[in-house]
Amino acid sequence: MRPTGAQDCPPPRHVAIIMDGNGRWAEARGRPRRAGHVAGSETFRTIATHAKNRGLAALTVYAFSTENRQRPPAEIRGIFVLLEKYLREAVDSMERDGIRLRFLGDRDAMPPAARRLAEQTDLISQRIDGMTVSVAFHYGGQDEILRAARLLAERCREGKLAPPDIDHACFEQALYTAGLPPLDLLIRLGGELRLSNFLLWQAAYAELYFSDILWPDFTTADFDAALAAYQNRRRRFGGV
Ligand code: FPP
């Protein structure tokens, strides 16, 4: 048996989070679901800053999935308002904080105001050499893989690429996450035990960490506990 506290893995470079449980957090307090998303966006700010202080290269969060489009329009509007608020703040603070911001997902489906702000944060990110926070918005893992397949098929049709040259590295360059470090750890809050169409390609060899904690209750100490659990894993990538 390995001694308790033995750390097999170096710290993760890229952590992703499924920020689940905002609605239940609000309902348990007799408040509208929107209040859960407001609290969840505060948790997101806290954890992003903490992840930066912990030296991560990349943090990727699932903020709005392709499936979330089925939610009531008022709830969707509420999430968009929070995203725009975060982006407006980021325009002023990201350079000082050393946090690059990136979006994964269907940009065309973003409301125009958010899209314009995201273009601004793209430009600012080019000047920053720091942790990358990626926000998956209008994102679906299956859509991402289909989109990559279509992009590569199109390049083959144009004669710019030959099918035998489509290897892992080539395919990864066509994903939204191109250029990010490999995903090391995927954390899911809220008690569900599934990936919910998040980072399906990237999670192939990620370590998975599930917790019953609802996202608005998730603290920096909880994040550190997930990092410590990761460091106690043995990553074998199919070897022995
Ligand atoms: C999942 O909880 C959470 C979401 C679908 C939205 C996440 C959005 C935020 C944290 C705020 C906006 C984001 C940014 C980046 C500022 P749920 O509503 O599915 O909770 P439930 O499972 O309890 O119903």
Side-chain angles (χ1 to χ4, degrees), residues 15-52 56 58-94 97 99-107 109-111 113-118 120-122 124-125 131-141 143 176 186-199 210-220 222-223:
V15 175
I17 307 181
I18 301 180
M19 312 185 285
D20 198 14
N22 293 351
R24 280 167 284 163
W25 183 91
E27 282 157 17
R29 286 161 180 75
R31 296 169 66 190
R33 292 178 60 83
R34 188 186 135 68
H37 297 315
V38 172
S41 63
E42 288 309 318
T43 303
F44 164 64
R45 284 178 181 78
T46 304
I47 296 297
T49 304
H50 184 66
K52 165 93 174 46
L56 261 70
L59 176 75
T60 299
V61 296
Y62 206 7
F64 193 81
S65 69
T66 44
E67 290 71 27
N68 288 152
R69 293 170 188 161
Q70 301 159 33
R71 292 194 176 204
E75 181 173 345
I76 295 177
R77 269 197 304 279
I79 294 174
F80 289 166
V81 167
L82 290 171
L83 176 74
E84 283 172 28
K85 180 170 183 285
Y86 174 72
L87 283 170
R88 266 193 296 275
E89 290 166 8
V91 165
D92 294 331
S93 66
M94 56 197 283
D97 296 343
I99 293 182
R100 300 160 60 93
L101 197 55
R102 176 165 171 170
F103 282 88
L104 316 179
D106 181 4
R107 284 249 180 150
M110 264 187 172
R115 209 164 51 227
R116 279 193 297 275
L117 283 162
Q120 263 181 280
T121 59
D122 283 345
I124 300 170
S125 293
M131 179 181 75
T132 301
V133 171
S134 302
V135 178
F137 212 85
H138 279 291
Y139 172 90
D143 273 8
Y176 289 127
L186 173 60
I187 301 173
R188 177 162 194 153
L189 285 309
E192 310 287 0
L193 304 178
R194 54 176 172 260
L195 295 182
S196 296
N197 203 13
F198 191 40
L199 300 178
F210 295 99
S211 164
D212 290 337
I213 298 170
L214 304 177
W215 173 246
D217 289 330
F218 192 67
T219 64
T220 54
D222 296 323
F223 185 78

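No hydrogens, no waters, no symmetry mates; every other heavy atom, side chains included, goes into these values. Order of appearance sets the numbers: ligands from 1, and atoms from 1 within every ligand.
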Non-hydrogen atoms of [X] versus ligand 1: any pair closer than 4.0 Å?
| X | answer |
| --- | --- |
| Arg71 | yes |
| Gly190 | no |
| Arg33 | yes |

Close N or O approach ([X], ligand 1; < 3.5 Å):
| X | answer |
| --- | --- |
| Tyr62 | no |
| Trp25 | no |
| Gly23 | yes |

Tell me, do [X] and [Y] make a side-chain contact under 4.5 Å, heavy atoms counted?
| X | Y | answer |
| --- | --- | --- |
| Arg24 | Asp20 | yes |
| Trp25 | Arg31 | yes |
| Ile187 | Phe210 | no |

Handout entry: Tyr86: numbered ligand 1 atoms lying under 4.0 Å from its heavy atoms
Key =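 Those atoms are 16 (C).
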Practice task
Please identify which atoms of ligand 1 are closer than 4.0 Å to at least one heavy atom of Ser41.
Solution key: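 Within the 4.0 Å cut-off of Ser41, ligand 1 contributes 10 (C), 11 (C), 16 (C).
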Would you mind checking which non-hydrogen protein atom is closest to [atom], with the distance to 0.1 Å?
| atom | answer |
| --- | --- |
| atom 4 (C) of ligand 1 | His37 CE1, 3.9 Å |
| atom 3 (C) of ligand 1 | Met19 O, 3.3 Å |
| atom 5 (C) of ligand 1 | Asn68 OD1, 3.6 Å |

Practice task
Output yes when Arg188 and Glu192 qualify as a salt bridge under the 4.0 Å nitrogen-oxygen rule, no when they do not.
Solution key: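 Not counted as a salt bridge, because no side-chain N and carboxylate O are separated by less than 4.0 Å.
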Exercise for the section: Pick, from Asn22, Ile17, Val133, the option with the minimum heavy-atom distance to atom 9 (C) of ligand 1. Expected result: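 Heavy atom nearest to atom 9 (C) of ligand 1 belongs to Asn22.
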Handout entry: Nearest option to atom 7 (C) of ligand 1, as decided by whichever heavy atom of Ala63, Ala90, Gly36, Gly40 sits closest
Key =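 When every heavy atom of Ala63, Ala90, Gly36, Gly40 is considered, Ala63 comes closest to atom 7 (C) of ligand 1.
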Practice task
Supply the atom-to-atom distance Leu101 CG to Leu87 CG, rounded to the nearest 0.5 angstrom.
Solution key: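 Atom-to-atom, Leu101:CG and Leu87:CG are 6.0 Å apart.
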Donor + acceptor pair across side chains of [X], [Y] (<3.5 Å):
| X | Y | value |
| --- | --- | --- |
| His138 | Arg69 | yes |
| Arg102 | Thr121 | no |
| Ser125 | Asp122 | no |

Exercise for the section: Could you tell me whether Tyr62 and Phe137 have their ring centroids closer than 6.0 angstrom? Expected result: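 Ring centres of Phe137 and Tyr62 not closer than 6.0 Å.
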Practice task
Measure Phe44 to ligand 1 on non-hydrogen atoms and call it side chain, backbone, both or neither using the 4.0 Å cut-off.
Solution key: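 Side chain only; the backbone of Phe44 stays clear of ligand 1.
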